[in-house]
Amino acid sequence: MYCNRRGRNVDFSYTEEQLMLQDVARRIAQEKIAPSAEHFDRVGEFPLENIHLLGENGLMGIEVPVEYGGAGMDSIAYVLAMVEIAAADAAHSTIMSVNNSLFCNGILKFGTEEQKQKYVRAIAEGREIGAFALTEPQSGSDATAMRCRAVKQADGSFVVNGKKSWITSGPVAKYIVLFAMSEPDRRSHGITAFLIDTSKPGFHRGKTEPKLGIRASATCEIEFQDYVVAPEDVLGTEGDGFKIAMGVLDAGRIGIASQAIGIARAAYEATLAYVRERKAFGAPIGTFQMTQAKIADMKCKLDAALLLTLRAAWLKGQGQRFSTEAAVAKLTASEAAMWIAHQAVQIHGGMGYSKEMPLERYFRDAKITEIYEGTSEIQRMVIARGETGLR
Ligand code: CAA
């Protein structure tokens, strides 16, 4: 899909399968999601019915093998589908990305056969919602500063106590991939990953976060009070939780880059239509040089974001390390989305600022892509460390 570091493998064509999934996503996005996006944003309600529909069409577990309830497709297909859903409504794509990337990916890579059967299927089919709990009130970018404790018992089980915050889909999640400190003295090597069933005793939901954008995606604090994790619900090897979280986030960043591209594309397409129609000083505003410069810059940023995201997805599909490329994609795409949404509002003038058009929603929704799954500052740190080898 793109040349790798040795300069091989340039192929920009999509497969029939990838295009088919893109068509499915586009149809659902246009027929079901776009018409209800304004409503869900205004009332801040979780769009459960639409999420079930996405699941029924294979969009909640795109890279999950068919035997675990997924679509059995690749990362490129995931990018294409995410872009379509995000272009209709970013909040829907947030829920989709957590189920696909943050929840299913880690279990597929590090889980046992029993864990895959038990946890992945329901989430990949969209019957249940998954979540990923890493962040805490005092630990965001510095993930190893977490305080949530998991204390090992003589029988191999763990007792978990502590709080996690900003949990996307937390209010509705059935299962959660949790990261907790099992050996605090070992810092990043003392974190273990666990699979949590939210219907079990000791799990509590806290306050829901009121948010600037992606308002239909529910976010809350969660708390564990003597929650018991059975030995068979430890994900991967004890003490490997931080590496699991980082690996899962590498893949997650491809999803957020795709989301940003979807938001940017929607803002760009609305702007193209507007500058052709809207007249000022006796001419369409698209004929003015200042507008043309903005259109050209929007197009360049959008295309660059998509190509970089496809490169990261392609590398992932090749089984190569893609941490730097995923960070490059997320950084470029999220900053492009913010810039494009900003310019789109500006070009639309009063109509851009009005809730009668979706531009202000794109502007609000774009911002989170520069924050979650690693801020732009963290992406720059990951890229620079990868390039220099320095820490
Ligand atoms: N894959 C595998 N292993 C990795 C890795 C990766 N991508 N990145 C780091 N590691 C390993 C390192 O090799 C190192 O291993 P050794 O000790 O054996 O050498 C270990 O992990 C520790 O790495 P660092 O020393 O680099 O760790 P650090 O403390 O300096 O942190 C960081 C690195 C990049 C800043 C990291 O903490 C980070 O990415 N922070 C951002 C966290 C984040 O993205 N949070 C988002 C929350 S989830 C979310 O947003 C979900 C949502 O709402 C939708």
Side-chain angles (χ1 to χ4, degrees), residues 82 86 90-106 109-110 129-146 148 164-173 176-179 181 183 186-193 209 211 213-214 217-222 236-237 239-260 312 315-316 319-331 334 365 367-386 388-391:
M82 273 291 291
H92 282 72
S93 69
T94 298
I95 303 160
M96 180 175 159
S97 83
V98 174
N99 265 28
N100 273 277
S101 311
L102 298 189
F103 188 86
C104 291
N105 244 320
K109 203 163 164 196
F110 300 99
I129 308 296
F132 177 89
L134 179 69
T135 303
E136 297 185 4
Q138 79 301 325
S139 146
S141 292
D142 183 7
T144 59
M146 69 176 63
C148 183
K164 293 280 169 182
S165 56
W166 288 103
I167 306 307
T168 303
S169 297
V172 288
I176 299 178
V177 176
L178 168 76
F179 299 89
M181 196 55 94
E183 288 181 83
R186 300 190 68 213
R187 291 278 293 175
S188 72
H189 294 272
I191 295 169
T192 300
E209 299 293 346
K211 305 191 299 283
I214 54 161
S217 100
T219 312
C220 73
E221 250 182 23
I222 58 174
T237 307
D240 274 357
F242 188 73
K243 287 185 185 175
I244 294 175
M246 292 300 112
V248 167
L249 281 168
D250 284 343
R253 287 166 187 166
I254 295 175
I256 302 307
S258 311
Q259 173 181 53
L315 277 173
K316 177 171 181 279
Q320 298 182 33
R321 179 91 186 244
F322 60 97
S323 308
T324 300
E325 288 77 7
V328 168
K330 188 199 180 259
L331 177 64
S334 58
D365 287 348
K367 184 61 207 170
I368 190 63
T369 65
E370 293 183 317
I371 298 173
Y372 61 13
E373 300 204 25
T375 61
S376 295
E377 290 76 8
I378 290 295
Q379 306 312 318
R380 288 189 163 89
M381 182 198 277
V382 170
I383 296 163
R385 283 181 175 184
T388 62
L390 299 171
R391 304 175 46 73

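Since we're looking at a predicted model, the values are computed, not measured. Ligands are counted one by one from 1 in listed order, and the atoms in each one are counted from 1 as well.
A side-chain donor-acceptor contact under 3.5 Å links Lys211 to the backbone of Ser217. A donor-acceptor pair is defined here as one N or O able to donate and one able to accept, closer than 3.5 Å; no such pair exists between the side chain of Glu183 and the backbone of Gly239. In this structure, Lys330 contributes its side chain and Asp250 its backbone to no donor-acceptor pair below 3.5 Å. Between the side chain of Ser101 and the backbone N or O of Val98, no donor-acceptor pair lies under 3.5 Å.
A side-chain donor from one of Thr144 and Asp142 sits under 3.5 Å from a side-chain acceptor of the other.
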Go through the steps to decide whether Ile371 and Trp166 satisfy the test side chain to side chain contact (heavy atoms under 4.5 Å, CB included), and finish with yes or no.
CA-CA 12 Å; Ile371 298 173; Trp166 288 103; over 6 Å; no
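Taking 4.5 Å as the limit, every side-chain heavy atom of Val248 sits out of range of all side-chain heavy atoms of Phe179. When side chains are defined from C-beta on, Ile256 counts as touching Ser97, because their heavy atoms get closer than 4.5 Å. Taking the side chain as every heavy atom from C-beta outward, Arg187 and Met181 never approach each other to under 4.5 Å.
Counting heavy atoms closer than 4.0 Å to ligand 1, residue Val382 contributes side-chain atoms (C-beta onward) but none from N, CA, C or O. The part of Leu102 lying near ligand 1 is the side chain, judged by heavy-atom distances below 4.0 Å.
Regarding atom 37 (O) of ligand 1, its nearest protein heavy-atom neighbour is Ser141 O, 3.3 Å. Given atom 53 (O) of ligand 1, the protein heavy atom at minimum distance is Thr168 OG1, 2.8 Å. Remark: minimum distance from atom 1 (N) of ligand 1 to any protein heavy atom is reached at Arg321 NH2, 3.6 Å. For atom 33 (C) of ligand 1, the nearest non-hydrogen atom of the protein is Arg385 NH1, 3.8 Å. Considering only non-hydrogen protein atoms, atom 7 (N) of ligand 1 sits nearest to Asp250 OD2, 2.8 Å. Nearest protein neighbour of atom 3 (N) of ligand 1, counting heavy atoms only, is Lys243 CG, 3.8 Å. Nearest to atom 36 (C) of ligand 1 among the protein's heavy atoms is Met246 SD, 3.6 Å. Atom 24 (P) of ligand 1 has Arg391 NH2, 3.3 Å as its closest protein atom, hydrogens excluded (heavy atom only).
Within the structure, ligand 1 lacks Arg187 among the residues with a heavy atom less than 4.0 angstrom away. The closest approach between any non-hydrogen atom of Gln259 and ligand 1 is not below 4.0 Å.
Distance remark: protein heavy atom present below 4.0 angstrom from atom 40 (N) of ligand 1. At least one protein heavy atom sits closer than 4.0 Å to atom 51 (C) of ligand 1. There is no protein heavy atom less than 4.0 angstrom from atom 13 (O) of ligand 1.
Expressed to the nearest 0.5 Å, how far CE of Met96 lies from CD1 of Ile129 amounts to 12.5 Å. To the nearest 0.5 Å, atom CD1 of residue Ile378 and atom CG of residue Leu331 are 12.0 Å apart. Note that CD of Glu373 is 9.5 Å distant from OG1 of Thr135, once rounded to the nearest 0.5 Å.
Ligand 1 places these atoms under 4.0 Å from at least one heavy atom of Thr135: 47 (C). Near His189, meaning under 4.0 Å from any of its heavy atoms, are these atoms of ligand 1: 16 (P), 17 (O), 18 (O). Ligand 1 places these atoms under 4.0 Å from at least one heavy atom of Ser323: 7 (N). Short contacts between ligand 1 and Leu249, defined as distances under 4.0 Å to a heavy atom of the residue, involve ligand atoms 43 (C), 44 (O).
Closest approach of Ser258 and Ala86 over heavy atoms only: O-CB, 4.5 Å.
Looking at Met381, Arg253, Glu373, it is Glu373 that brings a heavy atom closest to atom 49 (C) of ligand 1. Comparing heavy-atom distances from atom 23 (O) of ligand 1 across Trp166, Phe242, Phe322, Phe132 singles out Phe242 as nearest.
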